[in-house]
Engineer: 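Let me give you the structure first, and then I'll get to my questions.
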Amino acid sequence: MTKRILVFREINDTQLASLRAEFEVDYLPHLTSFDAPEAMEILPQVHGLVGASLKVTPEVLDRAPNLEAIASISVGYDNYPVDELTRRGILLCNTPDVLTETTADTGFLLIMSTARRAIELAEMVRQGRWTQNIGKEWFGSDIHGKTLGMVGMGRIGAAIARRGALGFNMNVLYSMASSKPELEKSLGAQRLELDALLEQADIVCVTVPLTEQTEKLIGAAQFARMKPGAIFVNVARGKVVDEAAMIQALDDGTLHAAGLDVFETEPLPADSPLARMSNVVALPHIGSATHETRTAMAQRAVDNIRLALDGQPALSAVNVDALER
C-alpha cells in the first residue's frame, strides 16, 4: 500500500516531486487550519504530515488514526503535543542546525539596529527630515566591548554569542542552559543565574524554547532588574515574555529599547503599542526567512518524512521514544 502524506507548507517542485515518487501526496500549502473541510476529508487517510505553523491538537490526532510521523519545517515544536504524540507512537521530526546561522544573523541584526537606532534614522532620511547634522538626541549606543547576556545558550544562542565575542569583542554571559565549557574557553563566556545576568548585561538576548517552564519567563520583575539603558532582544517565542510588562517597561523608561522578531500574537495586531513605539525594532518573525535556509529546512523535513515512513531513523527527531510504542 502506498502511504499518504499531507503537505501543508510550500516546498519547491523538486522536493514535491521526490515525495510524489514514493507517496500519495496531498499538497495544500495555503492551508490555514486542520478544521478546514479539505483537511478534514484527508486526515483519516494520512500517514504523514509535512509543514509548519498550524497547531496540532489531540482532536486533530483523533481524526488521523493512521498517522505515523510529522515532519515540521521548523526547529521549534510548541505547536505539537509532544507527550501525546509519543503516547500514540507518532514520531515528530524538526529541522535543527540548518537554520542556526540565519536565525543568529537575525538576532544580531536586531542587536545592531536597536542599539544604533537604524530604523528610526533610516525613516528620518526617507521622510526628508534629515536637514542638518545629527545631534546627540539621535545618538545610539556602541555594541563593541559591551556585555551580552544570553538567556539560553543552545545552537542559536551560541551562534549569536560567537558573533558578539569574536566580531565585536563583547563580554558574554549566559543562563538558562547547562554548562558550556567549550564556549567558556573559546568565547570567555561566563555562566550566571538569570537574575545576576539581567543585572550585569547591557544587552539581553532571549533564545530559549517555549515550554511550560519558560512561558512568561521575562516579566516585570526581570525588566526591573536590568541595567538602566539596557536593550532587550527576543528571537525565541513571543510567549516567553510577558508582553504587557515589556510594553510598560519600554514606556516608562525601565527598558531602553527592544528588538523583537516574535510576539505573543502573530501577526502583531495593528493596534499593539509595539507597532508605534520609536524605541522598538519589530520584525515579522523572519528569523529563518531567507531563500537558502527555507529551502534547506523544507529539504530536511522531506528527508525526515521519507525516512520515518520507510521505517528508518529520521535525521532529526524530537521524540524518539515514540518508536518504542
Side-chain angles (χ1 to χ4, degrees), residues 5-23 25-34 39 48-56 69-80 91-113 152 154-160 162-163 205-210 233-238 240 259-263 265-268 281-309 314-318:
I5 297 174
L6 168 58
V7 179
F8 57 95
R9 187 71 173 260
E10 187 174 0
I11 60 177
N12 67 34
D13 292 343
T14 301
Q15 293 162 345
L16 184 58
S18 72
L19 288 178
R20 284 179 167 158
E22 191 170 346
F23 307 105
V25 179
D26 295 282
Y27 186 49
L28 302 175
H30 304 299
L31 188 69
T32 58
S33 170
F34 287 115
L49 295 174
V50 178
S53 301
L54 298 188
K55 194 167 187 64
V56 173
I70 301 173
S72 184
I73 308 178
S74 67
V75 65
Y77 44 86
D78 44 285
N79 275 332
Y80 304 93
L91 187 68
L92 174 63
C93 308
N94 65 344
T95 61
D97 303 319
V98 294
L99 54 70
T100 297
E101 297 301 329
T102 300
T103 306
D105 285 349
T106 303
F108 219 85
L109 167 69
L110 284 168
I111 291 171
M112 290 291 296
S113 58
R155 295 179 181 88
I156 294 169
I160 293 173
R162 280 195 295 273
R163 285 158 173 73
C205 183
V206 179
T207 63
V208 294
L210 176 62
V233 172
N234 187 8
V235 291
R237 286 290 186 267
V240 170
L260 309 169
D261 190 40
V262 290
F263 306 89
T265 300
E266 296 183 1
L268 183 69
V281 175
L283 298 178
H285 203 150
I286 62 163
S288 62
T290 67
H291 293 293
E292 299 91 338
T293 295
R294 288 292 174 87
T295 298
M297 290 170 67
Q299 187 61 52
R300 172 65 67 90
V302 166
D303 293 339
N304 276 335
I305 202 69
R306 291 177 65 194
L307 290 167
L309 293 184
L315 298 175
S316 43
V318 174

Engineer: When you measure from the side chain of Asn94 to the backbone N and O of Val75, does any donor-acceptor pair fall under 3.5 Å?
Structural biologist: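 Checking the backbone N and O of Val75 against the side chain of Asn94, a donor-acceptor pair under 3.5 Å is found.
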Engineer: Minimum heavy-atom separation for Leu54 to Leu31, with atom names?
Structural biologist: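 Closest approach of Leu54 to Leu31: CD1-O, 3.7 Å.
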Engineer: Looking at CG of Leu109 and CD1 of Ile286, how far apart are the two atoms once the value is rounded to the nearest 0.5 Å?
Structural biologist: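 Nearest 0.5 Å value for the CG-CD1 distance: 6.5 Å.
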Engineer: Verify the neighbour count for atom CD of Gln15: are there more than 12 heavy atoms of other residues, nucleotides or ligands below 6.0 Å?
Structural biologist: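 Check passes, neighbour count above 12.
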Engineer: Measuring from Ile160:CD1 to Thr100:OG1, what's the distance to the nearest 0.5 Å?
Structural biologist: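 Spacing of CD1 (Ile160) from OG1 (Thr100) equals 10.0 Å.
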Engineer: Decide yes or no for Leu19 and Arg306: does some side-chain heavy atom of the first lie under 4.5 Å from some side-chain heavy atom of the second?
Structural biologist: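 In contact.
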Engineer: Rounded to the nearest 0.5 Å, how far does OG of Ser288 lie from CD1 of Ile156?
Structural biologist: 8.5 Å
Engineer: Does the Asn304 side chain pair with the main chain of Ser316, one donor and one acceptor, at a distance under 3.5 Å?
Structural biologist: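 Judged by distance alone, yes, a pair lies under 3.5 Å.
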Engineer: Between atom CD of Gln299 and atom OG of Ser18, what is the distance when rounded to the nearest 0.5 Å?
Structural biologist: 6.0 Å
Engineer: Taking all non-hydrogen atoms of both residues into account, name the closest pair between Ala301 and Ile73 and its distance.
Structural biologist: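 So the minimum-distance heavy-atom pair works out to CB-CG1, 3.6 Å.
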Engineer: When you look at Glu101 and Arg155, which way does the side chain to side chain contact (heavy atoms under 4.5 Å, CB included) test go after all the steps?
Structural biologist: CA-CA 9 Å; Glu101 297 301 329; Arg155 295 179 181 88; over 6 Å; no
Engineer: Listed by chain and number, what are the ring-ring contact (aromatic ring centres under 6.0 Å, His included) partners of Phe34, not counting sequence neighbours?
Structural biologist: Phe8
Engineer: State, to 0.1 Å, how close Val98 and Ala296 come at their nearest heavy-atom pair, and which atoms those are.
Structural biologist: CB-CB, 4.2 Å
Engineer: Is a donor from one side chain sitting under 3.5 angstrom from an acceptor on the other, for Ser72 and Tyr80?
Structural biologist: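 Short answer, yes.
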Engineer: Might you point out which heavy atoms bring Asp261 and Glu266 nearest each other, and give the distance in Å?
Structural biologist: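 Closest approach of Asp261 to Glu266: O-OE2, 4.3 Å.
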Engineer: Applying side chain to side chain donor-acceptor pair (under 3.5 Å), name anything that partners Thr32, two or more places apart in sequence or on another chain.
Structural biologist: none
Engineer: Should Asn79 and Val56 be marked as a side chain to side chain contact (heavy atoms under 4.5 Å, CB included) after you check the CA-CA gap, both sets of side-chain angles, and the distance that decides it?
Structural biologist: CA-CA 6 Å; Asn79 275 332; Val56 173; over 6 Å; no
Engineer: Just wondering, more than 12 heavy atoms not from Tyr77 lying within 6.0 Å of its OH?
Structural biologist: no
Engineer: Using the side chain to side chain donor-acceptor pair (under 3.5 Å) criterion, which residues pair with Thr102? Sequence neighbours excluded.
Structural biologist: Thr293
Engineer: Taking Thr95 for the side chain and Ser74 for the main chain, is one N or O donor matched with an acceptor at less than 3.5 Å?
Structural biologist: yes
Engineer: How long is the span from the CD1 atom in Ile11 to the CG atom in Leu16, to the nearest 0.5 Å?
Structural biologist: 4.5 Å
Engineer: Once you round to the nearest 0.5 Å, how far does CZ of Arg163 lie from CG of Asp105?
Structural biologist: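 One gets 4.5 Å once the value is rounded to the nearest 0.5 Å.
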